[in-house]
Asks: 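One structure coming up, written as C-alpha cells, with questions to follow.
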Amino acid sequence: MSACFAERSVVPKHLLIVEDNPHDLELAQVALELSDVRCEVSVARDGQEALDVLRGSETLPDLVLLDLNMPRVSGHEVLVAVKSDPALRQVPVVVFTTSDEPSDRQAARAAGADDYVLKPQHFEALIDTLGGLGRRWLTAPRCA
C-alpha cells in the first residue's frame, strides 16, 4: 500500500455546512448520508458562527457549503471575509442557495466563490447534487 493511500484512508475529509434553516440543514445531512460522500460534517447555523468556527479551528474544512440568506452575518459577508483572509482564502467555498438572482451570482463570483449551486427542489436531486459536490471537492487527489 502506498503512503499516499494510507494517509487518505485515515484522514477523513471535512465539510462545513453553513445553514440557518433547520429543515434545509436536516435534509442536507440526510441527503449526504444517503449519497456516496463519506466525510466529517460540521455545522454553523449563521454567518457569524461560521466565521468563528473557521477562525478558531486548528484544521480548516476541505469544503464550505454556504447559504447566502442568514441572520447576523450574511453568506455574502462570510464569503468576502473568508476570501480576503490569507489564513482562510484557500478553503473552497461553494455557495449553496435557493437564490437564482443574477446579482447574487455575480456578487458571489466577484467575492471569490469557488462555485454557485442552486438547492434542488426534490430530495432525490439533493442527494445527487450533494454527492456530485462531494466527489468534486472532497475526493482526495490521486497519488503520482
Side-chain angles (χ1 to χ4, degrees), residues 4-143:
C4 182
F5 179 78
E7 183 179 327
R8 278 196 326 240
S9 65
V10 295
V11 180
K13 295 294 185 164
H14 178 209
L15 168 65
L16 173 62
I17 300 175
V18 185
E19 175 63 64
D20 67 310
N21 182 309
H23 179 70
D24 286 354
L25 177 59
E26 183 178 0
L27 286 175
Q29 289 174 311
V30 172
L32 280 167
E33 288 175 13
L34 295 173
S35 77
D36 57 354
V37 175
R38 298 296 168 254
C39 61
E40 292 181 9
V41 177
S42 299
V43 173
R45 297 185 193 282
D46 63 47
Q48 184 60 57
E49 187 177 335
L51 290 173
D52 292 345
V53 166
L54 289 166
R55 290 175 176 152
S57 179
E58 289 181 22
T59 306
L60 294 173
D62 298 292
L63 176 64
V64 175
L65 284 183
L66 179 65
D67 188 25
L68 287 182
N69 301 312
M70 293 183 295
R72 298 196 322 163
V73 176
S74 74
H76 286 292
E77 292 169 305
V78 171
L79 182 57
V80 167
V82 167
K83 293 302 182 176
S84 64
D85 184 331
L88 301 177
R89 72 172 52 133
Q90 78 276 9
V91 176
V93 178
V94 173
V95 172
F96 193 61
T97 184
T98 58
S99 174
D100 198 16
E101 291 294 321
S103 60
D104 283 336
R105 284 182 180 273
Q106 291 167 349
R109 277 207 182 100
D114 293 280
D115 203 351
Y116 191 102
V117 177
L118 291 177
K119 292 178 185 176
Q121 297 295 315
H122 301 287
F123 187 66
E124 291 299 321
L126 180 62
I127 295 169
D128 291 343
T129 298
L130 290 176
L133 287 170
R135 285 186 298 280
R136 177 172 180 202
W137 294 101
L138 299 174
T139 300
R142 297 182 192 270
C143 296

Asks: Nearest 0.5 angstrom please: I127 CD1 to L34 CG, how far?
Replies: 4.5 Å

Asks: I want to check something: taking the side chain as every heavy atom from C-beta on, are V94 and L65 in contact at a cut-off of under 4.5 Å?
Replies: yes

Asks: Step by step, work out the side-chain contact (heavy atoms from CB on, under 4.5 Å) result for D100 and R105.
Replies: CA-CA 7 Å; D100 198 16; R105 284 182 180 273; 3.3 Å; yes

Asks: Under the rule for salt bridge (charged side-chain N to carboxylate O under 4.0 Å, His left out), what residues qualify as partners of R55, not counting sequence neighbours?
Replies: none

Asks: Within the 4.5 Å heavy-atom criterion, are H76 and D104 side-chain neighbours or not?
Replies: yes

Asks: Can you find a pair of side-chain heavy atoms, one from L63 and one from K13, that are under 4.5 Å apart?
Replies: no

Asks: Considering all heavy atoms of both residues, which atom of L51 and which atom of A81 are nearest to each other, and what is their separation?
Replies: CD2-CB, 3.8 Å

Asks: Taking all non-hydrogen atoms of both residues, which atom of S42 and which atom of H14 are closest, and how far apart?
Replies: OG-NE2, 2.6 Å

Asks: Would you call V95 and L79 a side-chain contact if the rule is heavy atoms closer than 4.5 Å?
Replies: yes

Asks: In Å, rounded to the nearest 0.5 Å, how long is the span from CG of D128 to CG of D36?
Replies: 9.5 Å

Asks: Taking all non-hydrogen atoms of both residues, which atom of L126 and which atom of A28 are closest, and how far apart?
Replies: CD2-N, 4.1 Å

Asks: Is there a donor-acceptor pair closer than 3.5 Å between any side-chain N or O of E77 and the backbone N or O of V73?
Replies: no

Asks: So which atom in L16 and which in A44 form the shortest heavy-atom distance, rounded to 0.1 Å?
Replies: CD1-N, 3.9 Å

Asks: Taking the side chain as every heavy atom from C-beta outward, state whether V18 and V78 have any pair of such atoms under 4.5 Å apart.
Replies: no

Asks: With a 3.5 Å cut-off and sequence neighbours excluded, list the donor-acceptor pairs that the side chains of residues 109-125 form with protein atoms.
Replies:
residue	atom	partner	partner atom	Å
D114	OD2	K83	NZ	2.9
D114	OD2	V93	N	2.8
D115	OD2	R136	NH1	2.9
Y116	OH	S99	O	2.7
K119	NZ	E19	OE1	2.5
K119	NZ	D24	OD2	3.3

Asks: So, for C39 and L15, which heavy atoms are closest and what is the spacing to 0.1 Å?
Replies: SG-CB, 4.0 Å

Asks: Search all heavy atoms of P61 against all heavy atoms of V91 and return the closest pair with its distance.
Replies: O-CG1, 3.7 Å

Asks: List the steps, then state whether side-chain contact (heavy atoms from CB on, under 4.5 Å) holds for D67 with D20.
Replies: CA-CA 8 Å; D67 188 25; D20 67 310; 3.3 Å; yes

Asks: Roughly how far apart are M70 CE and T97 OG1, rounded to 0.5 Å?
Replies: 9.5 Å

Asks: When you compare the side chain of F96 with that of T129, does any pair of heavy atoms fall below 4.5 Å?
Replies: yes

Asks: Do L32 and I17 make a side-chain contact, defined as non-hydrogen atoms from C-beta onward lying under 4.5 Å apart?
Replies: yes

